[in-house]
Amino acid sequence: MIRVTVWVEEQNVAKEAYGKGLAQYLAEALAVEDEVVCTAVYPEGGDMRLSEELLRNTDVLVWWAHCYHDQVPDSLALAIRQEVNAGMGAIFLHSAHPSKPFQALVGTGGALHWRESSDKELLWAVKPEHPILKGVANPLYLAEEETYFEPFDIPTPDELLQIGWFEGGEVFRSSVCYYRGKGRVFYFQPGHETFATYRNEEVLKLLKNAVKWAARRVEYQKPDSVWQEKRSTEIYF
Ligand code: ZN
């Protein structure tokens, strides 16, 4: 069983696109009978927390946030980093790119360029053999999405899975993976709150794959380069 916790900064986010709110929608959409069990979390009354007990009982944390990054306590971001190092998976969606937990995990600010739009987006697979892209259309077509574009202030990803192309001509590293300690981290760019992106069947397929990958439930060899780079320094000593 994979225990997924979906954290969305407020219940009213994306009400129009998802009815019950985004966390509740995603928790239901990602749950697969007994295999994946999801809990939706909305911080209450502006208290941007997540209980220690729930965090400890989470296999994969899904994080969507936009307006209240600053209100997330530093201690929570560090606790999330610690859990990932110990083996928890973390999936950051759309405007979670400058969130404190993402910054704590990748080590940079996560800033990017953006343009308010309802552009068409095509996500082209760079690594189609990756388990997160298994069975997912290539290119993955989205009729409407907010435009994010490079440069994106992230360290070179351990794996770049998809490049997003927008109809204004912009491009973006839309799906990226990092390995941190025993844990796995995935960032996925689509998911602006005014569009029903997470209702798209292909996106849902990708996110379900991402949950399994982040929970380390799929056979997958870490890319050698992540470790070879670290080992190669040893030859100098
Ligand atoms: Zn957005």
Side-chain angles (χ1 to χ4, degrees), residues 5-27 29-30 40-43 46 48 61-72 77 80 90-106 108-124 132 136 139-154 157 160-178 185-204 206-207 210:
T5 299
V6 184
W7 191 98
V8 173
E9 67 182 14
E10 58 173 332
Q11 195 154 12
N12 286 330
V13 147
K15 271 256 175 195
E16 276 176 34
Y18 300 104
K20 358 182 152 164
L22 183 55
Q24 196 58 40
Y25 168 79
L26 278 175
L30 297 178
V41 176
Y42 297 103
M48 296 285 143
L61 178 64
V62 177
W63 193 273
W64 192 104
H66 180 211
C67 294
Y68 304 109
H69 299 307
D70 288 351
Q71 292 179 31
V72 173
I80 290 169
I91 297 175
F92 294 92
L93 298 175
H94 187 60
S95 41
H97 61 90
S99 65
K100 286 184 185 179
F102 184 71
Q103 290 174 338
L105 281 161
V106 302
T108 58
L112 48 77
H113 287 84
W114 57 278
R115 178 166 61 77
E116 239 175 272
S117 71
S118 52
D119 274 5
K120 292 185 182 67
E121 180 181 7
L122 289 171
L123 295 118
W124 291 94
I132 293 181
V136 175
L140 198 172
Y141 169 75
L142 299 175
E144 292 181 307
E145 194 39 82
E146 182 179 29
T147 304
Y148 277 13
F149 57 100
E150 299 282 341
F152 181 17
D153 181 24
I154 48 170
L160 170 62
L161 304 193
Q162 288 173 310
I163 292 176
W165 172 92
F166 297 86
E167 61 179 308
E170 297 90 345
V171 292
F172 189 70
R173 287 170 289 174
S174 295
S175 300
V176 296
C177 299
Y178 293 96
V185 178
F186 179 55
Y187 170 77
F188 185 61
Q189 157 263 313
H192 186 65
E193 62 271 25
T194 56
F195 309 125
T197 303
Y198 303 126
R199 288 190 187 279
N200 179 299
E201 286 298 316
E202 298 300 320
V203 170
L204 278 180
L206 183 150
L207 290 178

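Just follow the structure's listing: the first ligand is 1, and inside any ligand the first atom is 1. This one's a predicted model, so the numbers in the text were calculated from it and none came from an experiment.
Per residue His192, closest N, O or S atom to the Zn ion (ligand 1): atom name ND1. Restricting Glu146 to its N, O or S atoms, the one at the least distance from the Zn ion (ligand 1) is OE1.
No option in Phe152, Tyr148, Phe92 other than Phe152 meets the ring-ring contact (aromatic ring centres under 6.0 Å, His included) test with Tyr187.
Put simply, Glu193 stays out of reach of the Zn ion (ligand 1), with no N, O or S atom under 2.8 Å from it. At least one N/O/S atom of His94, whether from backbone or side chain, sits less than 2.8 Å from the Zn ion (ligand 1).
Closest non-hydrogen pair, Val176 versus Phe186, comes out as O-CD1, 3.3 Å. Closest approach of Ile154 to Tyr178, counting heavy atoms only: CB-OH, 3.3 Å.
Between Trp64 and His66, the ring planes are perpendicular. Angles over 60° get that label, and only those under 30° would be called parallel.
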